[in-house]
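We name chains A, B, ... by the order of the sequence lines, and we start the count at 1 in each one. The structure presented is a predicted model; accordingly, all values stated were derived computationally and were not measured. Just the heavy atoms: all of them, side chains too, but no hydrogens, waters or symmetry mates, feed the values below.
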Number of protein chains: 2
Amino acid sequence: MANQMDILFLALADQTRRDVVERLTHGEAPIKELAAPHDMALPSFLKHIDRLEDAGVVTSRKVGRQRIVALTPEAFGPAETWIDRQKRVWEGRLDRLEAVAKRIEAETNPFPKDET
Amino acid sequence: MANQMDILFLALADQTRRDVVERLTHGEAPIKELAAPHDMALPSFLKHIDRLEDAGVVTSRKVGRQRIVALTPEAFGPAETWIDRQKRVWEGRLDRLEAVAKRIEAETNPFPKDET
DNA sequence: CATTTGGTTAGCCATGAAGCTAACTATTCA
DNA sequence: TGAATAGTTAGCTTCATGGCTAACCAAATG
């Protein structure tokens, strides 16, 4: 029942996971290093990483016994695009209302004040 | 345990709620009209509206027995800003890596190829 | 080869989210 | 004023989320 956008927004709806993302903007890191600042058992922390990976926000690869996690910021695209579109439609609506208001004024007042 | 940003992202992490937002970009509407396209009992739908309102994405006022809901797109700000910041830090990092790479090249190769 | 280290798996618990029905309140309208 | 309309409240179920411990696997190291 949860689509990709649900998963993406949900991944960002948690402070721990956003902290991990912020850390990763400075470069990839192994699980242990990522987990260090978080007062949480490792298996619990792992779930957060898995959730970020499911959302496509992060990828990971095994190097020896370490798992190196890296950011994939392209993943934010759909979220940003969606928000932008909403704002643009909303602003478009304001423009249209303004246009309507002007037309009504023109129709009801055949001698607008800016015309001498 | 959930901060304001959690609540905002969580509000957007649901198709029904995103649909409502999209509808509201075209103008405010009473609950019943908003609920109509959604195959869901009214009390269930109400919870979604309440969640959007908690997140600040929407406001509502009572007019007679109707409750009119309107969008407040400024609420998206924090989400957009956060995502943008992550991308900017990430890109900054790439720039820095590039700079480092250039410096290393210059140090190891005193006669770069573009110099005759 | 035994031990440490880094991660993983399995399984449990408490809480919260999303849905429902039934019953209620408050406007509006005939 | 009685009936219809628009929301609301209460209370229930089911499933997901976020946390835990214990036990395990596999790579690295003494």
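Looking at heavy-atom distances under 4.0 Å, A/L10 makes contact with sugar-phosphate atoms alone, never a base. B/P43 comes within contact range of at least one nucleobase, with a heavy-atom separation under 4.0 Å. Residue contacts shown for A/K32 are limited to sugar-phosphate atoms, with no base heavy atom under 4.0 Å away.
Paired with A/V69 under the rule side chain to side chain contact (heavy atoms under 4.5 Å, CB included), one option of A/L34, A/L52, A/V20, A/T59 passes, and it is A/L34.
Checked for salt-bridge contact, A/D54 and A/R17 miss the test: no charged N lies under 4.0 Å from a carboxylate O.
Close to C/dA18, at under 4.0 Å from its OP1 or OP2, lies a side-chain N or O of B/R51. At C/dT8, one or more side-chain N or O atoms of A/R67 fall inside 4.0 Å of OP1 or OP2 (strictly under the cut-off).
Residue B/D54 contributes atom CG, which lies 14 Å from atom P of C/dG16 at whole-angstrom precision. If you measure from atom NE2 of A/H48 to atom P of D/dG18, you get 6 Å, rounded to the nearest angstrom. If you take CG of B/D14 and C1' of C/dG19, they are 11 Å apart, rounded to a whole angstrom. Rounded to whole Å, atom P of D/dA4 lies 19 Å from atom CG of B/L42. Atom CZ in A/R61 sits about 16 Å away from atom C1' in C/dG7, given to the nearest Å. A/D6 has its CG atom 10 Å from the P atom of D/dT17, to the nearest Å. Taking atom CE of B/M40 as the reference point, atom P of D/dG7 lies 16 Å away to the nearest angstrom. Residue B/Q66 contributes atom CD, which lies 13 Å from atom P of C/dT27 at whole-angstrom precision.
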(request) Output, in order, the C-alpha distance, side-chain angles, deciding distance and verdict of side chain to side chain contact (heavy atoms under 4.5 Å, CB included) for B/K87 and B/I83. (result) CA-CA 6 Å; B/K87 286 168 76 170; B/I83 293 177; 4.1 Å; yes
(message) Using side chain to side chain contact (heavy atoms under 4.5 Å, CB included), reason through B/D6 and B/N3 one step at a time and then give a plain yes or no.
(response) CA-CA 5 Å; B/D6 288 11; B/N3 60 36; 3.0 Å; yes
(request) Evaluate the side chain to side chain contact (heavy atoms under 4.5 Å, CB included) criterion for residues B/H48 and B/M40: first the C-alpha distance (whole Å), next the side-chain angles of each, then the deciding distance (0.1 Å), finally the verdict. (result) CA-CA 11 Å; B/H48 288 297; B/M40 187 183 296; 3.8 Å; yes
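Closest to the side chain of A/K62, from the set C/dG7, D/dT8, C/dA18, is C/dG7. Closest to the side chain of B/S44, out of D/dG19, D/dT21, C/dG19, is C/dG19. Candidate nucleotides D/dT5, C/dT8, D/dG7 were compared by shortest atom distance to the side chain of B/L46, and D/dG7 ranks first. Proximity note for B/R65 (side chain, C-beta onward) versus C/dT4, C/dG19, D/dA4: the nearest is D/dA4.
Heavy-atom distances to DNA chain D give each of B/I68 and A/A13 a nearest nucleotide, and the one nearer the 5′ end belongs to B/I68. Remark on DNA chain D: of its neighbouring residues B/E33 and A/R17, the 5'-side contact belongs to B/E33, judged by nearest-heavy-atom nucleotide.
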